[in-house]
Each structure stands twice: as C-alpha cells, then as structure tokens.
Amino acid sequence: MTKLLFFWASVFSLLALSAGEVFPPKVDPQLSGANPEENPLRLEYIRYRQGVKKTEAKIINGPWLQQPNPGAVTVSFNTLGPVPAGLDYREMGQQQWTRKWNLLGGQIRGDLDNHNFHLTGLKENSVYEYRTVLVEPKKNELAEGKDIYSFTTFTAQPQNHQFFATGDTQFSPHIRSRILNAFLKNKQVSKSDFIVTLGDVANIFHDFVDTHFFGFLDPLVELTGHGKPYVPVRGNHELRGEESSLWFKYFGSGYRGFRCGDAYYIVLDGCEDKPSRPFTSHYTGLIIGADEYMQEQAAWLQEIVKTPEFITAGYRIVLCHSAPFAHNGTFMQDNIRKVADSLFAGKNPPHKIHLWLSGHIHTYRRTIAGTNTVKTLAPIKSKTTVDGADYPFTILAVDGPGFGGFEVSGVIVNVTDNGITVDSIDVGGNSFDRFFIGKDGKVRELGSSPELKECEMPCN
C-alpha cells in the first residue's frame, strides 16, 4: 500500500512539474528574494523580443565569469540586441586599463548580442578589476561602464579552495531566486571561489535568455558581486525547448576541464535521459547525433587524462548531471559509462578520481565508495545493471523537486592539502551529510542526519 501511494505521489509530482507548477522546498516562506519576472531589464528584453523596443547600448545580463583556468578567465555579458562592445581590465593597484575588443575584419563587431572576452596570460592567484565598454549604435559614442568589478585568478599551485554546487532547480523563477538568495547569503557558501550548477536549471528552454539568465544566472551573479566564475553543467532538460541549443552560444562546449589549485575538474555532458524520437513533436525530436556527440566527448576525455594538468593534480573531481552508478533508469547511465568507465571504473582503474557530483534523480543520494550501499533521503526504485564495487569513488547526487527529501540541496566542497571535505546542506544552511575524502580516496564520515538512511542498490 505504501509503495502504491508513493507511486501515485510521484506521478502527480511529474505531471505538476510538466505543467510548470511549483514545488517549494522546505524554506522559510518569509525568505527574501526579488522576483526575476518583475526585473525592469527583463521587461525591456521581452519588449525587444516582441519588436517593440529597438537595440540600444545596454547590458541586460551579467557580466559574469566563466571558463576559468590558472591565469585565465572569460568575462561575458549580453546586450539588448547587437551592440559593439569591449572590456577594460587591469591588475588591482594599477592605474592603466588594458582594453580588449571583439574584432572582425579590422573593425569592432556590431553583430553580437552575447559578448565574450577570454583573458589569458594573467598572473595566477592575483586580483584583477574589470569594467564593460559599449558603443552606442549609429552614433558610435563610447560608454565606459561605471561599475568596476573584481575577481581572483586561479592558480595551478596547491592552494586551499572551495566551491558550491546545486542543481535541478526546476521551480518558478521567483522560487529559484529565493533559493539562490538563501544559499549564497549563507556565510560559508559565500566564501566559495566558484559556483556550479549540476544541470536542469529549469524544466524547458523556449526562451533561453529569459529562463537561464533572468531566471537564474542574473540573481546568482548579483549575489556574488560578478566576481566568482560560473561553471554550468548541461543536464537533460537543457536539451529541451525551442532555444535549448543556445546553450553553446552562451557557454561554449558542453564538456571541459580546468585546474584550480591541486584539483583537476572534469565537466561532462550526460545528454538526454531517453532515446530520441527524431522529427516528431517529442522534446527529443531534434536529437539525431547524440551517439556521435558522446563519442567525441569520450575521445576528448581520453586526451584530457594525458595532460600534465590532470596527471599532476592531487585530486580529480567530476561534475556531471548524470552518473555511471546509483542513478535511476539505465539509458543515461549507460551513455556516461561509455564515456568514462574505461578510464575511471574498475577495482584498479587506469586513473583515480575522488568525487563525482551529479543531480538528475531529484533525490539526495551518496554512494559508499566501492560498494552497492548508498545513503539516501528518499529511497525509490532504482534500476542498476552494474556492480558498485567497480566505482571506487564517491558519487553524490543533490536533491531536487518532486520526490521527497528537501526538494533542493547544495554541497560545499573544500579542497585542502589534507583532503576534500564535503558538506551537504539544505536551503536553510543546515548540514545533513558531511564527510572527508583523503588523497588516497578513503572516506571518513563526519556526521549525517538521522533522516539519511543506508540501503543496498537497488533501493525499493
């Protein structure tokens, strides 16, 4: 009877999610947070999309930082239509700005509404300032940004650092804003050096700018002072909607690697969680090359593990919406295994990784490395065709809406010379699962909530 009730609760949860209804997490109803749907810049953008508003030299999203690496970062922002734009930057304490333009054929590009300035050759572990530069269309008048932002470059040298990750924020924009507000105003989270979303920022992307930027990234960068790199992971829902392919316009590749301190981070793309139905009205109707894409990603990963940045790293952490074990269903797990198993799986894998962070299953779950045992908040039926003994690293999935638990959760990850400390928190900042991973991969439990139960995969 209990299983039957849970089944119908899950069905109604999925129906409500597909209809765009909100599943508020367990959060104080008085929690502050502006409603992104009432943002004046968003309303201007909507009028522009409707053909009511003309292009003008105005930034509507950002600036934000992305694609970090030691001594390098990309500064990005969106304007209200195509506008010539540039970027000023300098090391903190210097008076002279260095100006960078997007040029094509000897002139400043005026055909872009998304502007990306990749800064390289910066001093590692140093503070830099930056400001935006716009050119008013037709008048060609220069407008230097009044706001000056700052960031600290990554270094490849061993250095303590911290990041925060959440995912599956498939709520209304207002609820999402309140969630981000709660997480990022947490004193411990605010110390993070970069922010990760583990995929499925929203349910569908018919208007990418409105959904991902006004509904998620803008509140995030405002709360972090435009100074912390944003590391987005592509989830299966990022493949859905009329403008879903714009992901690549704004964030580049769906997979990449970067070094921060003594850790190497691998961002993987799990792609869709269901077989495609090409040229139908199904949300997978435009997916016709997923196998080739995953093969390209696998070939890229084979080369990444040969790089000095990966080889010399004391820690390796994977960021992926999917995971090779302990997730529900088989399609998405099978696909990511084809990408990663030959390198990371097995009792004595060719390459050691320490932690795999994921989302997707909308239930907090953590594996006990190298076993079939998991810790979970809301056990649900999980199909698995592999042995957990082949995955000698910790796999963790953050919570999400509709399947019990906290409806949303986040992880604070601290990397030091001694090891990795992972602290899973609810939206109120309360820790419910804390553990430590040594350089040898061994895990030491630091305490968890009584609500977190252990079970053997599959969990029924």
Side-chain angles (χ1 to χ4, degrees), residues 70 125 154-165 188-189 191-194 196 198 231 257-268 301 304-305 307-320 323-326 340-341 343-358 364-376 386-398 409-425 431-449 452 454 456-457:
N125 193 30
F154 287 5
T155 178
Q157 300 305 310
Q159 184 180 61
N160 296 354
H161 66 276
Q162 172 186 299
F163 70 92
F164 173 75
Q188 191 58 40
V189 173
K191 298 176 183 177
S192 298
D193 296 288
F194 59 94
V196 177
L198 290 163
V231 180
F258 64 93
R259 179 78 176 252
C260 183
D262 199 22
Y264 193 85
Y265 294 87
I266 298 172
V267 180
L268 295 180
L301 188 57
I304 281 293
V305 298
T307 62
E309 292 81 6
F310 177 90
I311 293 169
T312 61
Y315 307 99
R316 287 84 172 257
I317 297 174
V318 174
L319 307 171
C320 181
F325 175 67
D341 267 19
L343 298 172
F344 305 140
K347 295 177 177 61
N348 293 294
H351 304 279
K352 176 188 287 187
I353 61 172
H354 294 76
L355 177 64
W356 185 301
L357 291 181
S358 65
Y364 182 84
R365 189 172 295 165
R366 170 166 68 92
T367 65
I368 304 303
T371 75
N372 285 310
T373 304
V374 299
K375 290 192 171 189
T376 184
V386 295
D387 188 352
D390 286 327
Y391 299 93
F393 49 86
T394 298
I395 298 171
L396 185 154
V398 295
S409 69
V411 286
I412 303 169
V413 181
N414 270 287
V415 181
T416 69
D417 288 342
N418 297 322
I420 302 170
T421 301
V422 182
D423 194 4
S424 294
I425 62 172
S431 175
F432 63 87
D433 187 25
R434 197 163 182 265
F435 58 97
F436 175 85
I437 306 172
K439 277 197 173 179
D440 58 2
K442 292 182 179 179
V443 176
R444 185 171 77 247
E445 300 291 335
L446 299 178
S448 59
S449 166
L452 208 58
E454 282 194 4
E456 297 295 308
M457 290 291 294

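Since this is a predicted model, take the numbers as computed values, not measurements.
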Inset, instruction - Test Phe432 against Ser409 for side chain to side chain contact (heavy atoms under 4.5 Å, CB included), laying out the working first. - result: CA-CA 10 Å; Phe432 63 87; Ser409 69; 4.0 Å; yes
Legend entry - Any Ile317 side-chain heavy atom under 4.5 Å of Ile420 side chain: yes
Legend entry - Thr155 OG1 to His161 NE2 distance, which is reported to the nearest 0.5 Å: 11.0 Å
Legend entry - Worked check of side chain to side chain contact (heavy atoms under 4.5 Å, CB included) between Val305 and Phe344: CA-CA 10 Å; Val305 298; Phe344 305 140; 4.2 Å; yes
Legend entry - No-hydrogen, no-angle side-chain donor-acceptor test under 3.5 Å, Tyr364 and Ser424: yes
Legend entry - Donor + acceptor pair across side chains of Asp417, Asn160 (<3.5 Å): no
Legend entry - Within 6.0 angstrom of Lys442 NZ, more than 12 heavy atoms from elsewhere: no
Inset, instruction - Would you check if Arg366 and Ile368 make a side-chain contact, meaning some heavy-atom pair closer than 4.5 Å? - result: yes
Inset, instruction - Among Ile311, Thr307, Thr312, find the residue that satisfies the side-chain contact (heavy atoms from CB on, under 4.5 Å) test when tested with Glu309. - result: Thr307
Legend entry - Centroid separation Phe310 to His351 less than 6.0 Å: yes
Inset, instruction - For a side-chain contact (heavy atoms from CB on, under 4.5 Å) with Arg434, tell me which candidate from Val422, Ile412, Ile425, Thr421 qualifies. - result: Thr421
Inset, instruction - Decide side chain to side chain contact (heavy atoms under 4.5 Å, CB included) for Leu357 and Val196; before the verdict, give the C-alpha distance in whole Å, the side-chain angles of both, and the deciding distance to 0.1 Å. - result: CA-CA 10 Å; Leu357 291 181; Val196 177; over 6 Å; no
Inset, instruction - Would you check if the side chain of Asn372 reaches a backbone N or O of Gly388 as a donor-acceptor pair within less than 3.5 Å? - result: yes
Inset, instruction - Assess the side chains of Asp193 and Gln162: does a donor N or O sit below 3.5 Å from an acceptor N or O? - result: no
Inset, instruction - Return yes if some donor-acceptor pair links the side-chain N/O of Lys352 with the main-chain N/O of Asp440 below 3.5 Å, else return no. - result: yes
Inset, instruction - With side chain to side chain contact (heavy atoms under 4.5 Å, CB included) as the test, would you mind laying out the steps for Ile304 and Tyr264 before giving the verdict? - result: CA-CA 10 Å; Ile304 281 293; Tyr264 193 85; 3.5 Å; yes
Legend entry - Pro324 and Trp356, any side-chain heavy atoms less than 4.5 Å apart: yes
Inset, instruction - May I ask you to test the Ile437-Phe393 pair for a side-chain heavy-atom distance under 4.5 Å? - result: no
Legend entry - Ring centroid separation Phe194 to Phe258 under 6.0 Å: yes
Inset, instruction - Please round to the nearest 0.5 Å and tell me the distance separating atom CG of Leu343 and atom CG of Leu301. - result: 5.0 Å
Legend entry - Reported CD1-to-CZ distance for the pair Ile395 and Arg365, which is rounded to 0.5 angstrom: 11.0 Å
Inset, instruction - Give a yes or no on whether the backbone of Thr416 and the side-chain of Tyr315 come within a donor-acceptor separation of less than 3.5 Å. - result: yes
Legend entry - By salt bridge (Lys or Arg N to Asp or Glu O under 4.0 Å) - contacts of Arg259 (at least two apart): Asp262
Inset, instruction - Kindly compute the distance separating NZ (Lys375) from OG1 (Thr367), expressed to the nearest 0.5 Å. - result: 11.5 Å
Inset, instruction - Can you measure from CZ (Phe154) to CD (Gln159) and round to the nearest 0.5 angstrom? - result: 10.0 Å
Legend entry - CG on Leu396 to CZ on Phe435, rounded to 0.5 Å: 5.0 Å
